[in-house]
Amino acid sequence: MTLLPAARFEALPRSALAEVVGVPFGIYVHVPFCASRCGYCAFNTYTTSDLGGRDLRRGYAEAARREISLARAALGPDVPPVSTVFFGGGTPTALEPAELVSILAAVQAEFPTAPDLEVTVEANPDSVDRRALDELRAGGVTRLSFGMQSARAAVLAVLERSHTPGAATRAVRDAHAAGFEHVSLDLIYGTPGETDADWQASLDAAIAADPDHVSAYALTIEPRTRLAAQVRRGLLPEPDEDVLVRRYDHADDVLAAAGYGWYELSNWARSAGARCRHNVLYWHNHHWWGIGPGAHSHVGGTRWWNVAHPDTYAASVAAGRLPVAGHETLDVGARVAERVLLGVRLADGFALDISPSVVRELIDDGLVQIVEWGDPPVVVLSRRGRSLADLVARRVIDATVLPVASLRP
Ligand SMILES: C[S@@+](CC[C@H](N)C(=O)[O-])C[C@H]1O[C@@H](n2cnc3c(N)ncnc32)[C@H](O)[C@@H]1O
Ligand code: SF4
């Protein structure tokens with residue numbers, strides 16, 4: 001892997017541009033603002049008090065539109081159609097619906113877009129009302145993802161979420177009434193103090209709200225968060241690994257029984273059409289441009305990331321410069337490792353281009369199951385393997401003979 005200073009990132013390397021055509025391409029727009037910071041969250045997001053009382057939201061849409069123009073220019077003449085746009089955060093709905101729609105309109109003006117363009121907006125359940133949802137739908141948004149996290153007030157309090165237990169249910173109802181077919185709920189399990197009954201109640205409430213997609217993530221104790229400090233001081237217990245595995249297995253059983261099939265380790269959908277195509281693009285390691293402070297991008301084995309602070313970001317794009325803080329070019333080994341680490345997570349299976357004896361060992365250890373005995377064989381993680389996905393990926397990477405000839409450096 002080659003790490004290069006930001007000053008030299010004025011344009012995409014020719015090797016990356018050579019891979020652009022024909023590979024699905026998405027745009028991620030990071031909106032780095034939240035009304036308050038949840039105690040467990042380490043994302044690049046800012047409250048008004050973090051910004052010294054200044055409200056930087058109003059200038060943000062213009063800055064994002066400028067970066068979209070810079071991105072279009074940097075990709076050259078052969079840019080493929082954009083297949084997905086994902087507004088994430090932070091809290092995208094901290095912006096006015098018209099501002100989000102103006103950013104989407106800039107994507108549509110600068111890039112060719114696929115006829116079935118997927119446009120997702122992440123939202124906190126208490127950050128949208130029916131009017132906002134109507135405006136987003138009318139403006140071309142096709143999918144909403146609400147951060148529900150839990151149906152229990154005590155769990156939401158430990159997470160320092162701002163919304164009440166019923167808010168996510170109301171938000172899904174309003175989203176359906178506004179005409180959204182694709183609505184997702186995010187859940188978190190393993191919060192200190194959460195019981196099996198709490199988790200069951202959260203799953204039940206999520207399913208009763210009738211989304212067509214559910215994500216369930218184990219709580220990660222991120223360094224330098226208020227939650228990490230509470231755990232360090234012994235005020236809250238660290239999530240227990242066995243409990244996390246039990247909660248995951250229970251979620252999979254309950255969601256499957258309700259008609260949601262897993263398609264990625266932490267994601268379940270009612271149908272193939274309900275899958276989040278933007279996230280599928282990440283897991284296939286396709287190409288995306290991340291717009292906004294701190295956003296990450298990948299094109300053809302080159303990865304880069306933007307400056308984190310909204311002020312530095314705005315100054316850079318206003319001066320007509322890509323707001324890049326750093327970049328790296330992955331070598332063949334790193335690219336293979338990435339493909340394996342991401343690919344093993346998918347329920348559609350992944351090709352195991354490794355020695356048959358290692359494939360046999362993974363099967364005998366109960367970690368993978370055969371989908372197709374081709375050459376190479378296609379396998380999928382077993383339920384046990386899903387709890388040990390990184391270990392399986394490591395064994396596959398260690399057994400991979402690098403296909404030097406088939407990958408551009
Ligand atoms: C960064 S948030 C952005 C969307 C929105 N602000 C929200 O909170 O729903 C996206 C998802 O990441 C989850 N998340 C953030 N930090 C996490 C952590 N430490 N462990 C597990 N999930 C986390 C959030 O709970 C949320 O569902
Ligand atoms: S609302 Fe979402 S992005 Fe904002 S602090 Fe909470 S989890 Fe993080």
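Numbering of ligands and ligand atoms starts at 1, following listing order.
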Q: Taking D252 as the fixed residue, which of R246, R386, R247 is the one that meets the salt bridge (charged side-chain N to carboxylate O under 4.0 Å, His left out) rule?
A: R386
Q: Out of H163, E160, R161, whose heavy atom is nearest to atom 2 (Fe) of ligand 2?
A: R161
Q: For ligand 1, would you mind listing the residues that have at least one heavy atom less than 4.0 Å away, ordered by chain and number?
A: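 Residues near ligand 1: Y40, F43, G89, G90, T91, E122, N124, G147, Q149, R161, D186, I188, A218, L219, T220, E222.
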Q: Scan E328, E338, H327, H296 and name whichever one has a side chain to side chain donor-acceptor pair (under 3.5 Å) with R303.
A: E338
Q: Under the side chain to side chain contact (heavy atoms under 4.5 Å, CB included) test, which residues partner A157, sequence neighbours left out?
A: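 By the side chain to side chain contact (heavy atoms under 4.5 Å, CB included) rule, A157 matches no residue at all.
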Q: Nearest heavy-atom pair of V231 and P237: which atoms, and what distance?
A: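 For V231 and P237, the tightest heavy-atom pair comes out as CG2-O, 4.2 Å.
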Q: Classify the ring geometry between W288 and Y282 as parallel (under 30°), tilted (30 to 60°) or perpendicular (over 60°).
A: perpendicular
Q: Under 3.5 Å, which donor-acceptor pairs do the side chains of residues 108-118 form with other protein atoms, sequence neighbours left out?
A:
| unit_1 | atom_1 | unit_2 | atom_2 | d |
| --- | --- | --- | --- | --- |
| E110 | OE2 | S69 | OG | 2.9 |
| E118 | OE1 | R277 | N | 2.8 |
| E118 | OE2 | R277 | N | 3.3 |
| E118 | OE2 | H278 | N | 2.9 |

Q: Look at the aromatic rings of Y263 and W283 and report parallel, tilted or perpendicular, splitting at 30° and 60°.
A: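 Correct class here is perpendicular.
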Q: Working to the nearest 0.5 angstrom, can you tell me the gap between S49 OG and R37 CZ?
A: 10.5 Å
Q: Which ligand 2 atoms does Y40 reach within 4.0 Å, using its non-hydrogen atoms?
A: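 The atoms of ligand 2 under 4.0 Å from a heavy atom of Y40 are 7 (S).
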Q: Just so I know, are the side chains of L185 and V172 near enough to count as touching, which here means a heavy-atom distance under 4.5 Å?
A: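 Sidechains of V172 and L185: in contact.
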Q: Indicate, with yes or no, if the rings of Y28 and W305 have centres closer together than 6.0 Å.
A: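 Ring-ring flag for Y28/W305: false, centres at least 6.0 Å apart.
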Q: I'd like to verify the contacts: list protein N, O or S atoms under a distance of 2.8 Å from atom 4 (Fe) of ligand 2.
A: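 Atoms qualifying: C34 SG.
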